[in-house]
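These figures come from a predicted structure and were not determined experimentally. In what follows, chains are A, B, ... by sequence order, proteins preceding strands, each numbered from 1.
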2 protein chains.
Amino acid sequence: MKPATPRRSEALSKIRIVEAAIGILDAENSGAGELTLRSVMTQLSTGSGAIYHHVANMDELRAAAADEVLRGALADIPSDLDADEALRLVGLGIFDSIGAHPWVGAQLTRKPFQPAVVLIWKTIGLQLRRLGLGGPAAMSAGSTLANFILGAAAQYAAGPARVADGKDRDAFLKDLGEAWSAVDDDAVVLEIASELGAHDDRQQFMDGIDIILRGMKALPRQTQ
Amino acid sequence: MKPATPRRSEALSKIRIVEAAIGILDAENSGAGELTLRSVMTQLSTGSGAIYHHVANMDELRAAAADEVLRGALADIPSDLDADEALRLVGLGIFDSIGAHPWVGAQLTRKPFQPAVVLIWKTIGLQLRRLGLGGPAAMSAGSTLANFILGAAAQYAAGPARVADGKDRDAFLKDLGEAWSAVDDDAVVLEIASELGAHDDRQQFMDGIDIILRGMKALPRQTQ
DNA sequence: ACCTGAACACCGTTCAAGT
DNA sequence: ACCTGAACACCGTTCAAGT
């Protein structure tokens with residue numbers, strides 16, 4: 001009887017390597033090592049040459065891993081929603097993907113035109129067109145939304161969102177507040193640090209999207 | 001007569017190391033090598049131990065270099081401007097710093113709570129208070145603006161802004177458009193790619209800030 | 001075509017030893 | 001206190017050799 005677990009003799013392919021990388025990156029959170037060429041090699045019990053036969057280099061592998069995760073998250077936006085609501089779902093999909101795979105947040109700002117980033121631009125662009133925006137106005141609106149999402153992704157990836165239970169979260173915020181206070185005891189900084197403990201990341205992220213959507217309302221629409 | 005150029009026998013200090021790092025990072029653009037511990041060592045003609053005596057590790061050095069650059073750029077915001085105008089100047093200051101030092105853009109999203117990022121939050125927070133925003137509303141507004149700026153910084157750092165003259169810029173955009181088309185020939189992607197050639201990065205960045213400032217207008221003000 | 005694995009040219013960091 | 005520089009434990013990538 002054959003075992004259900006994938007045998008190492010299964011043919012190597014790019015997608016298998018990418019999935020192995022995702023597994024290793026997901027395990028990074030629990031401090032179980034890092035994604036290196038060598039960790040991929042041991043995971044798939046193969047040599048470096050075999051991996052380079054399917055993947056150009058480690059950068060491409062990281063980009064492909066983030067793309068794989070986001071492509072899944074952004075695939076199922078219902079097409080019957082109005083554009084504002086769809087854009088909120090795009091944001092939530094990305095935010096929750098990063099909640100599940102924090103490394104995606106850091107990866108997205110590493111290379112500006114990697115596949116996952118192009119996918120985000122494209123997904124946003126599609127909805128902006130449905131809003132009647134085109135040309136330079138669409139570019140301004142799209143880059144505002146995309147850059148906000150990318151910046152927030154990087155910020156939340158290593159932030160409190162990453163900490164699962166409340167105990168660790170408090171400890172993280174306490175450490176952060178102390179670190180800030182040590183460097184800079186300005187009143188504004190202290191206020192931000194204290195506010196960090198009270199707020200809801202996901203809600204704050206959605207607030208940001210709503211602020212931008214509201215600001216976009218004044219942009220000129222396409223006469224079409 | 002003593003030479004005007006700094007002698008290597010000058011006492012080593014953190015700021016001297018940070019300035020050497022900035023110099024090396026600035027030279028990276030012209031393909032003149034990378035910032036590594038060893039490049040800092042040769043630049044200052046010293047050993048690794050000497051550097052570790054002043055700086056905890058390479059991450060801290062990179063963060064300190066970005067902080068040094070931004071601190072200079074954000075120092076001279078006139079205090080008599082109205083808050084909206086001041087926030088535009090903050091954005092422009094960061095944008096132009098990245099124009100002069102592209103590596104700053106990438107650095108800002110590498111570690112979420114590094115000194116330069118705290119500085120940005122603080123500078124924004126100060127102006128939001130002047131706008132009458134406080135508590136959760138200030139946090140939402142501040143994180144929207146900060147995350148947009150950070151995302152845009154990372155994006156523009158390796159984008160067309162980095163290319164000085166028009167010829168290289170066109171070549172960059174042509175390559176980018178071709179790379180995109182090869183991966184994804186969706187109409188929306190092609191439209192974005194073509195629009196990339198026509199637009200003005202700096203203007204688009206400012207459009208983003210204006211969209212967010214407009215969206216913030218609906219937030220509840222502090223009754224103070 | 002696909003895979004192996006030794007070899008290469010790097011990294012950041014540590015630390016005993018010097019002044 | 002401040003600095004030296006060898007040594008260590010890693011990296012990603014290449015490539016001749018195997019099947």
Summarise protein proximity over nucleotides 4-15 of chain C in one line of letters, 5' to 3': B for base, S for sugar-phosphate only, - for none, counting protein heavy atoms closer than 4.0 Å.
BBB----BBBBB

Qualifying residues under side-chain contact (heavy atoms from CB on, under 4.5 Å), relative to [X], sequence neighbours excluded:
| X | answer |
| --- | --- |
| B:Ala106 | none |
| A:Thr42 | none |
| B:Thr123 | B:Leu74, B:Val90, B:Leu119 |
| B:Ser79 | none |

So, is B:His54 near the phosphate of D:dC3, with a side-chain N or O under 4.0 Å from OP1 or OP2?
yes

Salt bridge (Lys or Arg N to Asp or Glu O under 4.0 Å) against B:Arg110, all qualifying residues, sequence neighbours excluded
none

Hits for salt bridge (Lys or Arg N to Asp or Glu O under 4.0 Å) against A:Glu60, two or more places apart or cross-chain, chain-then-number order -> A:Lys14

Set out, in order, the CA-CA distance, both residues' side-chain angles and the distance that settles side chain to side chain contact (heavy atoms under 4.5 Å, CB included) for B:Val18 and B:Asp67, then state yes or no.
CA-CA 10 Å; B:Val18 168; B:Asp67 188 51; over 6 Å; no

Only counting residues at least two apart or in another chain, list the ones meeting side-chain hydrogen bond (donor to acceptor under 3.5 Å, both in side chains) with B:Gln204.
A:Ser143, B:Tyr156

Starting at the 5' end of DNA chain D, what dot-bracket string do you get if Watson-Crick and G-U pairs under 3.5 Å are bracketed, crossing pairs use [ ], other-strand pairs use | and unpaired bases use dots?
||.|||||...|||||.||

